[in-house]
Amino acid sequence: MVKKFGIKFGGLQQKILNLVLIFILAIVGVFAAVSVYQGRHLSEIVSEAGEKQQKSIKSISQETMNYVVHSSLAKNTAMQAYMADNTFSEVKANVATLQTVTQRIFEHSELFPDKEVPLPDAANDGTPAIQYAAKAGFDPSQSKSLGLIGNLSDMMIAMYSNSDKLSSCFIGTPEGVAVFVNDRSSAYVDENGDPVTFDPTERPWYKEAVEKGDICFTGIELDAYTDIKGLVCAAPIYVDGELVAVVGADVFLNDIDEYVNNSGAEGDFVFIVNDSGNIIFSPKTEGTLAVQLSDDANDLRESQNTEFADFISSSLEKNTATQLVTVDGVEYYMAGAPMGTVGWTVVSAVEKSLTEVTTNQMLDQYDEINKDATEKFEKGAKASERTTLVLTVLLLILASAAALSLAGRIVKPIEKMTKRIADIKEGETFQMEDIYRTKDEIELLAQAFELISAKTKQYIIDITKITKEKERIGTELELARNIQADMLPNIFPPFPDKPDFDIYASMSPAKEVGGDFYDFFLVDDDHLAMVMADVSGKGVPAALFMMMSKILINNFAMMGGSPKEVLEKTNEMICQNNEEEMFVTVWFGILEISTGKITAANAGHEYPIVKQPDGKFELFKDKHGFVIGGMNGMRYKEYEFEIKKGGKLFLYTDGVPEATNANNELFGTDRMLEVLNKDPEIQPAQMLGEMRKAVDEFVGEAPQFDDLTMLGLELK
């Protein structure tokens, strides 16, 4: 539209001018009045339609958000409970191991000479050390147990050093002496450097273990020397019905306390309830959800708020679905998951008001768009009213005849628009039609209605689609990861009735699922098959290819094939239908358990690492064949070597030597051999743990680009 001499040519003003020139102004006035009436009526219709769309937006958005909260809160809570409970499970397993070994030493005390246990020395601060503390008047030269317990020094130090969960591990005896391992030696001496007195028989963990007669967890208590909040797992030792010692380990709860306190920053938070129904960790400082002193704490299962009491009771027994619970006048979405080891429960809570933020933002945006469109329409309508009124007064006599015809052309689109908007139902949108293409304010208004309606509907469709797709993908990847883990041997020791050897393996994928795999299985009573393989690529395609390769190798080996025959048959099967041109490197060997002889074949995989008794770990540079899946008709060579009794074998994928730090340096085989030779007598499980620890320290904050897979074997 072009404006000249105060008149908009191409708009309503021009049409009014045409009416003045052609028709009688009297009729123009009548139709102008009708147009004004219809415009005002249209404003009312628009307002009503806006309210309907607001209700629709609010309903659909809230349903979508509730779906997200209910589907994800319970899963996240269960994962948090599992991760927290894993800490206590590991501590319990360590205490059970310490209980078993201590029991055997006391039962066969005649086989173990006394070993000295030193007093605490502040100079050992920061280094794991064994030391003892005793009640006043204790004479170590008269002790029946102190020197015997000294035989456990190396084991206790290794247990403490290899676990990031333990704050210390210790053994207390009825004599009033406690032998313990940690790196806080200075806490057990006074300002003069003299050891402080300590009677373990007076500690709650000692009394509760004796009272219950089995392994148990104490309540939360303060450490005797550091006053740090912690939890103790303890177990009694009896020989011929007589109590000879109580073993235990404690866990400082600073990390859990810090995690819980930091969880309440955005309105969603976590709190933990113990088996007595008391809140022991919470970011809240006031009200029902705050932590209270144990003497004042109420059992939430007996709360007068029966809705909340029932929820707490259920969450202590099983994983709960997401529930809407009102506490202290505030509505929360809550989900709980128990920690079976200690009998506690983790509860995640989200204020209901937080789930309405997105809806309110959408409504604010809609109001802003609607307000802008309404203002444009009202401005244009008022201008039209003024122009129509002035022209009608001046040209009333001349416009009477022509106005009847042309005014209808103005009113008809408005009437059509009014009726269409009034008839819009939930889920429908306003569509542009030819009748609205008037090249003036009416067309602009119709375009605004169409834009608002389309954006609102698309926004709701997009947010619903994205939410469902994210949850579907997450669920499928989690299922794929679990299936892949279950395909590999993961129960250790795998052959309890085979004391001739010890084997341990692990696989850590770089993505949700990986392409590396290991396998080991008994072909017969005297032959153990071992597989270490690396599939090209990463993610789900590599995982599928890995499963097929593992099954083929296993099947051909169990049919009695030699390593050479197994690799050739596997290659033949894979090459028959390998349109994606994927391949896998494989080291496959069969150990004759009775003699230590290994017959193996290598399809493009990394060199194995071998250690003979009294020797060092060294690369065994065997002959490599071509990768599996690379070319049909390939032939592979077998070779033999022997591992003597007490020897070890270490297998791995290229993710270990090719692990890269932030400076783009490779971990390399030299560092691998250095780690292995630090303690050549280490057991396979600890061997893999030390290697993973060394790789993690070397890589630092750099991302993991490749799968890390390792297998360790010791011939007893």
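Values reported hereafter were calculated over all heavy atoms of this structure, with side chains retained and with hydrogens, waters and symmetry mates removed.
Relative ring orientation between W344 and F88 is described as perpendicular, the plane-to-plane angle rising above 60° on a 0-90° scale split at 30° and 60°. The aromatic rings of F170 and W205 lie tilted to each other, with the angle between the two planes from 30° to 60°. Between F492 and F520, the ring-plane angle classifies as tilted under the 30° and 60° cut-offs.
Using a 4.0 Å cut-off between charged nitrogen and carboxylate oxygen, R301 and D299 count as a salt-bridge pair. Under a 4.0 Å N-O distance rule, the pair K616/E674 does not qualify as a salt bridge. Checked for salt-bridge contact, E714 and K716 meet the test: a charged N lies under 4.0 Å from a carboxylate O.
Side-chain contact, T320 with S314: no donor N or O sits under 3.5 Å from an acceptor N or O. If you check the side chains of S141 and D139, you find a donor sitting under 3.5 Å from an acceptor. A donor atom on one side chain and an acceptor atom on the other are found under 3.5 Å apart for N182 and Y188. Between the side chains of S508 and R692, at least one donor N or O sits under 3.5 Å from an acceptor N or O. Using modelled atom types, one finds a donor on one side chain and an acceptor on the other under 3.5 Å when comparing D183 with Y160. No side-chain donor from either of E208 and T218 sits under 3.5 Å from a side-chain acceptor of the other. At a cut-off of 3.5 Å, with distance as the only test, a side-chain donor of T709 or D516 sits close to an acceptor on the other residue. Between the side chains of S186 and D125, at least one donor N or O lies within less than 3.5 Å of an accepting N or O. Between the side chains of Q103 and E107, at least one donor N or O lies within less than 3.5 Å of an accepting N or O. A donor-acceptor contact closer than 3.5 angstrom links the side chains of T201 and D199.
Under a 3.5 Å cut-off, the side chain of S163 and the backbone N or O of M159 do not form any donor-acceptor pair. Listed for the K648 side chain is a donor-acceptor partner under 3.5 Å among the backbone atoms of P680.
With a 6.0 Å radius and a threshold of 12 heavy atoms from other residues, nucleotides or ligands, D190 has its CG atom above the threshold. Counting non-hydrogen atoms of neighbouring residues, nucleotides and ligands closer than 6.0 angstrom, the NZ atom of K144 reaches no more than 12 such neighbours. No more than 12 heavy atoms of other residues, nucleotides or ligands shown are found within 6.0 angstrom of CD on E701. The number of heavy-atom neighbours closer than 6.0 Å to CG of D194, taken from other residues, nucleotides and ligands shown, is above 12. By the 6.0 Å contact criterion, OH on Y82 is open, its count of non-hydrogen atoms from other residues, nucleotides or ligands being 12 or less.
Applying the ring pair (Phe, Tyr, Trp, His ring centres under 6.0 Å) test between Y332 and each of F271, F269, F308 identifies F269 as the sole match.
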Go through the steps to decide whether E202 and K207 satisfy the test salt bridge (Lys or Arg N to Asp or Glu O under 4.0 Å), and finish with yes or no. CA-CA 7 Å; E202 296 299 321; K207 295 179 179 180; 3.6 Å; yes
